[in-house]
2 protein chains.
Amino acid sequence: MIDPEGMKPVYVQVADVIAARIGRGELAPNRPIPSETAMVQEFGIARGTARRAVELLRERGLVATVPGRGTFVLPAAG
Amino acid sequence: MIDPEGMKPVYVQVADVIAARIGRGELAPNRPIPSETAMVQEFGIARGTARRAVELLRERGLVATVPGRGTFVLPAAG
DNA sequence: GTAGATTTGTGCGTATGTATT
DNA sequence: CAATACATACGCACAAATCTA
């Protein structure tokens with residue numbers, strides 16, 4: 001789970017969880033990752049924190065975001 | 001630009017830059033000044049510092065902040 | 001064709017913790 | 001000790017894009 005008191009920032013922990021799901025194939029290429037709102041509910045975090053997590057995943061080259069549609073797992077990442 | 005080692009605090013330097021733009025008419029009355037996020041990116045500062053700069057501009061009577069909308073150049077300041 | 005739901009984008013308000021000067 | 005500055009994280013509101021009923 002997410003530990004607010006942990007060594008890593010919350011948004012890094014969340015990004016790591018999503019990245020792990022991508023690595024295991026739970027989140028397949030070209031499929032959407034959970035929406036920001038879904039992450040808010042699942043992890044009990046603020047939306048801003050969810051957005052930072054997604055931003056980190058983009059920087060890692062794992063996902064791509066499409067305004068109005070969602071954020072999707074890149075083919076190369078699967 | 002902004003000099004972290006300068007005589008004036010960073011937030012004063014940033015406020016001076018924005019005030020100068022207002023004085024030159026680059027930022028016109030009733031138009032928004034750069035958002036806090038935009039200042040963070042442009043000047044390479046923290047958001048808290050950008051907020052302090054905007055606070056200073058308000059104290060100088062140059063701008064007015066509308067929660068959820070932005071900060072705007074006052075007519076009298078243009 | 002349009003009204004609603006979903007999702008991301010943007011903007012400010014606030015608080016806490018840490019480090020430096 | 002106080003002021004400055006940065007990083008993180010929570011919250012609220014509205015706009016823009018997209019899709020669907």
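Naming convention: chains lettered A, B, ... in sequence-line order (proteins, then strands); numbering from 1 in each chain. On a predicted model such as this, the values are computed, not experimentally measured, just so you know. What you see below is based on every heavy atom in this structure, not just the backbone, and it leaves out hydrogens, waters and symmetry mates.
When the C1' atom of C:dT7 is taken as reference, atom CD of A:Gln41 falls 13 Å away, rounded to whole Å. At whole-Å resolution of the value, CD1 in B:Ile2 and P in D:dA5 are 10 Å apart. Here the P atom of nucleotide C:dT7 and the CZ atom of A:Arg51 are 14 Å apart, to the nearest Å. When the C1' atom of D:dA5 is taken as reference, atom CE of B:Met39 falls 16 Å away, rounded to whole Å. Summarising the geometry, the separation between CD on B:Glu36 and C1' on D:dA7 is reported as 15 Å, rounded to the nearest angstrom. Between the P atom of C:dG17 and the CE atom of A:Met7 lies a distance of 16 Å, rounded to the nearest Å. Summarising the geometry, the separation between CD on B:Glu55 and C1' on D:dT4 is reported as 13 Å, rounded to the nearest angstrom. Across the protein-nucleic acid pair, B:Leu56 atom CG and D:dT4 atom P stand 10 Å apart, rounded to whole Å.
Note: the hydrophobic cluster containing B:Ile22 also contains B:Phe43 (ILVMFWY, side chain heavy atoms under 4.5 Å, direct or indirect links).
Scanning all heavy atoms of the two residues, the minimum distance from A:Ala53 to A:Tyr11 falls at CB-O, 3.4 Å. Scanning both residues, B:Ala46 and B:Val40, for their nearest heavy atoms gives C-CG2, 3.9 Å. Here the closest non-hydrogen pair linking A:Pro4 and A:Val10 is CA-CG2, 3.9 Å.
Looking at which nucleotide of DNA chain D each of B:Ile45 and A:Gly48 is closest to, the 5′-most match is held by B:Ile45. Annotation: of the two residues near DNA chain D, A:Gly44 and A:Gly68, the 5′-most nearest-nucleotide partner is A:Gly44.
At D:dC6, one or more side-chain N or O atoms of B:Thr49 fall inside 4.0 Å of OP1 or OP2 (strictly under the cut-off). The side chain of A:Arg52 contributes no N or O atom lying less than 4.0 Å from OP1 or OP2 of D:dA9. One finds no side-chain N or O of B:Tyr11 lying less than 4.0 angstrom from the OP1 or OP2 phosphate oxygen of D:dA5. The side chain of A:Arg69 contributes no N or O atom lying less than 4.0 Å from OP1 or OP2 of C:dT6. For C:dT6, neither phosphate oxygen OP1 nor OP2 lies less than 4.0 angstrom from any side-chain nitrogen or oxygen of A:Thr37.
Backbone-only contact: B:Gly70 has heavy atoms under 4.0 Å from sugar-phosphate atoms and none from a base.
Using a 4.0 Å cut-off between charged side-chain N and carboxylate O, A:Lys8 and A:Asp16 make a salt bridge.
Counting only heavy atoms from C-beta on, A:Ser35 has its side chain closest to C:dT7 among C:dT7, C:dG9, D:dA5. Listed nucleotides C:dG9, D:dT8, D:dC10 differ in distance to A:Pro9; the shortest reach to its side chain belongs to D:dT8.
The base of C:dG11 lies outside donor-acceptor range of the side chain of B:Arg47, with no N or O pair under 3.5 Å.
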